[in-house]
S.K.: 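I'd like to ask some things about the structure below.
Quick caveat: nothing in here was measured; it's all calculated off a predicted structure.
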Amino acid sequence: MTTHGTGIGKAGAGTLPVLGAVRDRLDAALDATARAWLHAALAGAAAHPVSAPPQDALPPWQLRFAEAGRRTGDEHADAVRLLLLHAARADTATLTALYAQGTAAERRAVLLALPHLVEGPDALPLIEDALRANDTRLVAAAVGPYAAAHLTDHAWRHAVLKCLFTGVPVDAVAGLADRSRGDGELARMLGDFADERTAAGRPVPDDLHRVLALTAPESLTNGRADPHGKES
């Protein structure tokens, strides 16, 4: 498998400072009731991690994971869920179970947490599942740093096309410039996609021209024309 380590948000030494900053922002943003709930939930997750689950019920932190939006507000739920997963030391099996049984919001949170929790490619099935969905929130979450680091070239190209097809801004694609540079096969696929849209009388997304320009080797990027006559 071809992998591309971007170093952005990967699990490891850089994760703890990132999570510390996330918690600081939450502490500043949440009201007293929500903040107290968060602290108790994180303490509970640390006390009952995945490595020591109760025998007869879901660990309490998984219930807190589900109710995060109601307790702290939807705008903070992704960050809260990330901290809960980290405190509970969630492994790939646990993340897979949470994704399988979760709502769209919970699935998005799992996808966003992957670069902070999983170092290798073991969680790629979750990315692949999200990229088959038509929920643009899941597609946008799936093309983050974990996908940039671990998707094969073939799968990554199709992820970019999925964004163009569903209207997800390509700004969501982590490592876009690095992985696109000099990629002639991606350029061919983009050209085919543009031709299909034009033949069907449908507009070609502006983002397609942006990505097509990125596929040129650095020495050719100035003045390179795309298949439909726009100078890149």
S.K.: Does any part of the side chain of Met189, heavy atoms only, come nearer than 4.5 Å to the side chain of Phe193, both counted from C-beta?
M.R.: no
S.K.: Would you say the side chain of Arg81 lies within less than 4.5 Å of the side chain of Glu106, judging by non-hydrogen atoms?
M.R.: yes
S.K.: In the single-linkage hydrophobic clustering (I, L, V, M, F, W, Y; side-chain heavy atoms under 4.5 Å), do Leu190 and Phe165 co-cluster?
M.R.: yes
S.K.: Tell me whether His150 contacts the main-chain N or O of Glu119 through its side chain, where contact means a donor paired with an acceptor under 3.5 Å.
M.R.: yes
S.K.: Begin from the C-alpha positions of Arg23 and Asp27 and carry the test side-chain contact (heavy atoms from CB on, under 4.5 Å) through to its verdict.
M.R.: CA-CA 6 Å; Arg23 180 159 181 174; Asp27 280 342; 3.9 Å; yes
S.K.: Side chains of Asp206 and Arg210: does their closest heavy-atom pair fall under 4.5 Å?
M.R.: no
S.K.: Between His86 and Leu19, is a side-chain contact (heavy atoms from CB on, under 4.5 Å) present by the stated rule, with each step listed?
M.R.: CA-CA 9 Å; His86 185 265; Leu19 296 183; 3.2 Å; yes
S.K.: Can you check whether Leu212's main-chain N or O pairs, donor with acceptor, with Thr215's side chain at less than 3.5 Å?
M.R.: yes
S.K.: Can you name the closest pair of heavy atoms from Ser180 and Trp156 and give their distance?
M.R.: OG-CH2, 3.4 Å
S.K.: Taking the side chain as everything from C-beta on, heavy atoms only, tell me whether Asp207 gets closer than 4.5 Å to Cys163.
M.R.: no
S.K.: Please give me the minimum heavy-atom distance between Ala147 and Ala142, naming the atom from each residue.
M.R.: CB-O, 3.1 Å
S.K.: Mind telling me whether Phe65 and Trp61 have parallel, tilted or perpendicular rings, with 30° and 60° as the class edges?
M.R.: perpendicular
S.K.: Look up atom CG in Leu83 and atom NE2 in His39, then write down how far apart they are to the nearest 0.5 Å.
M.R.: 9.5 Å
S.K.: Please examine the side chains of Leu131 and Leu151, heavy atoms only from C-beta on, and report whether any two atoms are closer than 4.5 Å.
M.R.: yes
S.K.: A side-chain contact here means heavy atoms from C-beta on lying under 4.5 Å apart; do Arg35 and Leu26 qualify?
M.R.: no
S.K.: Write down the atom of Asp135, the atom of Ala104, and the distance for their closest heavy-atom approach.
M.R.: OD2-CB, 3.6 Å
S.K.: What's the spacing between Leu117 CG and Asp91 CG if we round to 0.5 Å?
M.R.: 10.0 Å
S.K.: For the atom pair CZ (Arg89) and NE2 (His48), what is the distance rounded to the nearest 0.5 Å?
M.R.: 12.0 Å
S.K.: Taking the side chain as every heavy atom from C-beta outward, state whether Arg107 and Gln101 have any pair of such atoms under 4.5 Å apart.
M.R.: no
S.K.: Taking Arg108 first and then Asp78, would you say they form a salt bridge - that is, a charged N and a carboxylate O separated by under 4.0 Å?
M.R.: yes
S.K.: Compare every heavy atom of Trp37 with every heavy atom of Ala68, then report the nearest pair and how far apart it is.
M.R.: CA-CH2, 3.9 Å
S.K.: Have a look at Tyr146 and tell me which of Leu111, Leu112, Leu114 forms a side-chain contact (heavy atoms from CB on, under 4.5 Å) with it.
M.R.: Leu114
S.K.: Which heavy atom of Arg197 sits nearest a heavy atom of Pro205, and at what distance?
M.R.: NE-CD, 4.2 Å
S.K.: Please check this pair: side chain of Lys162 against backbone of Val143, looking for a donor-acceptor N/O pair closer than 3.5 Å.
M.R.: no
S.K.: If every non-hydrogen atom of Leu95 is compared with every non-hydrogen atom of Val110, which pair is closest and at what distance?
M.R.: O-CG1, 3.8 Å
S.K.: Under 3.5 Å, side chain of Arg179 to main-chain N/O of Ala148, donor-acceptor pair present?
M.R.: yes
S.K.: To the nearest 0.5 angstrom, please state how far the OG1 atom of Thr92 sits from the CG atom of Asp122.
M.R.: 5.0 Å
S.K.: From Asp153 CG over to Asp183 CG, what is the distance, rounded to the nearest 0.5 angstrom?
M.R.: 6.5 Å
S.K.: Taking the side chain as every heavy atom from C-beta outward, state whether Gln62 and Thr94 have any atom pair closer than 4.5 Å.
M.R.: yes
S.K.: If you apply the rule side-chain contact (heavy atoms from CB on, under 4.5 Å), what do you find for Leu98 with Leu85, and how did you get there?
M.R.: CA-CA 10 Å; Leu98 287 171; Leu85 291 170; 3.5 Å; yes
S.K.: Going from CG on Leu16 to NE2 on His116, what distance comes out if it is rounded to the nearest 0.5 angstrom?
M.R.: 11.0 Å
